[in-house]
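What follows is a short report on a single structure.
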Amino acid sequence: MHQPSPPFDAQAARRLREALGMAPGHVAYGLRAQYGILVNPEIVAAWERGTAVPGEQELTALAGVLWCSPSDLIAAASTLREHRVARGLSAEELARRVGVSASAYQRMEDEGRWRGTERQTAALAEVLGLGPRELITATGGDEALAELLRDAATTRWQAYVKPAVKMMPLPKRVVESALQRLHTEYHARMVATSSWGASGATGDEGRAYLGEITAHFWAAAGP
C-alpha cells in the first residue's frame, strides 16, 4: 500500500541546513554516506522549495543529517503515522512499545482507525506524547467522540463515562464531571433556546451542532 508523505516543513529544512553552513550537495552526500539514501542535490533543493516531498525514510535520514528531530521537519502532525514519524519511530517499534502486534498496528495506521484497548491507548498517548485532543484526532475518533457526547448530553450521561475513558487518557473523575456538566448545560439551554439544534439536524447544521457539543465537553474537561 502506498503511504502518503508526512506534511513536510520545507522552510524549516532550509533554515536548519543553512544554520549548519551546509549546501544541498552536503546534505545529499550525508544522506548517501550515512544512510545509503541516493538523492542528488537537486532533489534536496526541490524538498526545500516544496516542489517535492521526502518519504518517511528520507525524512528520518534528513533529520539525522541536519542534527534535528524528525518532528522539526514536519509542519503539523495530525495522523497516527505522522506523529509516529515525528517521534522517529518505526511502526514495529511503536507496536512493541504499545503492546500490539506489528501487523495489527500497521493495519490500524493504514486505515486511520485505532482499535486498541484502554491500556494500549494510554500507552500510545504516552509514547507519542499526545494530549487527549491530539490523541482523539490521531486515532480517527473525532466523529465517534462527537456522537458519544451528543448521546451523553441528550440521554443518561452516566452510561457514557466508560466508553469515553476508553477513548482518551483522562481520569474517570474528570470525564464524569465533564459529562455531567455537559448534560446539565445542554438541558438548561434546551429550556431557554433551541440553538443547540435538534438531534435530527443534518448537513452543515448537524456538524455545527456536534462541534458545539464537543467544544463544551473540552471546556468542561479542562486543557
Side-chain angles (χ1 to χ4, degrees), residues 1-17 19-20 22 27-39 43-44 46-48 50 52-145 165-170 223:
M1 176 182 294
H2 173 70
Q3 295 290 349
S5 298
F8 184 64
D9 191 334
Q11 292 183 348
R14 179 175 181 177
R15 185 172 62 251
L16 288 163
R17 173 182 61 75
L20 292 171
M22 301 172 70
V27 174
Y29 175 81
L31 290 171
R32 181 173 65 254
Q34 298 176 46
Y35 299 96
I37 294 178
L38 304 179
V39 299
I43 292 296
V44 175
W47 291 344
E48 295 181 359
V53 181
E56 179 178 331
Q57 289 184 323
E58 292 169 332
L59 187 147
T60 301
L62 180 62
V65 172
L66 296 178
W67 289 74
C68 67
S69 166
S71 62
D72 295 327
L73 298 174
I74 294 180
S78 61
T79 68
L80 198 54
R81 177 173 177 268
E82 289 165 4
H83 283 291
R84 173 178 63 75
V85 173
R87 290 282 170 172
L89 296 170
S90 67
E92 293 76 11
E93 173 66 9
L94 180 56
R96 184 187 64 77
R97 294 177 63 176
V98 170
V100 299
S101 70
S103 59
Y105 172 79
Q106 190 63 66
R107 185 164 57 252
M108 290 187 283
E109 184 179 282
D110 291 343
E111 295 172 355
R113 181 67 63 183
W114 175 253
R115 291 182 294 276
T117 65
E118 182 178 336
R119 182 176 180 179
Q120 291 166 340
T121 301
L124 181 72
E126 181 178 359
V127 172
L128 295 180
L130 301 179
R133 298 192 202 193
E134 290 179 310
L135 179 68
I136 289 294
T137 298
T139 54
D142 283 326
E143 183 176 345
L145 177 64
V165 169
K166 184 178 179 181
M167 291 182 69
M168 66 193 100
L170 283 173

Measuring only between side-chain heavy atoms, which start at C-beta, is Thr60 closer than 4.5 Å to Tyr35? no
CG/Leu124 to CG/Leu94 distance, rounded to the nearest 0.5 angstrom? 6.0 Å
Taking CD in Gln11 as the centre, count heavy atoms belonging to other residues, nucleotides or ligands within less than 6.0 Å. Is the count above 12?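 Open.
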Greater than 12 external heavy atoms within 6.0 Å of Glu126's CD: no
Give a yes or no answer on whether the side chain of [X] reaches the backbone of [Y] with a donor-acceptor pair at less than 3.5 Å.
X	Y	result
Glu92	Ala102	no
Arg81	Glu109	no
Glu93	Ser90	no

Evaluate side-chain contact (heavy atoms from CB on, under 4.5 Å) for Met167 paired with Thr121, printing each intermediate quantity in order. CA-CA 7 Å; Met167 291 182 69; Thr121 301; over 6 Å; no
With Asp110, the side chain to side chain contact (heavy atoms under 4.5 Å, CB included) member among Arg113, Met108, Gln106: Gln106
Out of Leu130, Leu145, Asp142, which one pairs with Thr137 under the side chain to side chain contact (heavy atoms under 4.5 Å, CB included) rule?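 For Thr137, the side chain to side chain contact (heavy atoms under 4.5 Å, CB included) test succeeds with only one of Leu130, Leu145, Asp142, which is Asp142.
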Begin with the C-alpha distance, continue with both residues' side-chain angles, and end with the deciding distance and a verdict on side-chain contact (heavy atoms from CB on, under 4.5 Å) for Leu128 and Leu89. CA-CA 9 Å; Leu128 295 180; Leu89 296 170; 4.3 Å; yes
Decide yes or no on side-chain contact (heavy atoms from CB on, under 4.5 Å) for Trp114 and Leu135, but give the supporting numbers first. CA-CA 10 Å; Trp114 175 253; Leu135 179 68; over 6 Å; no
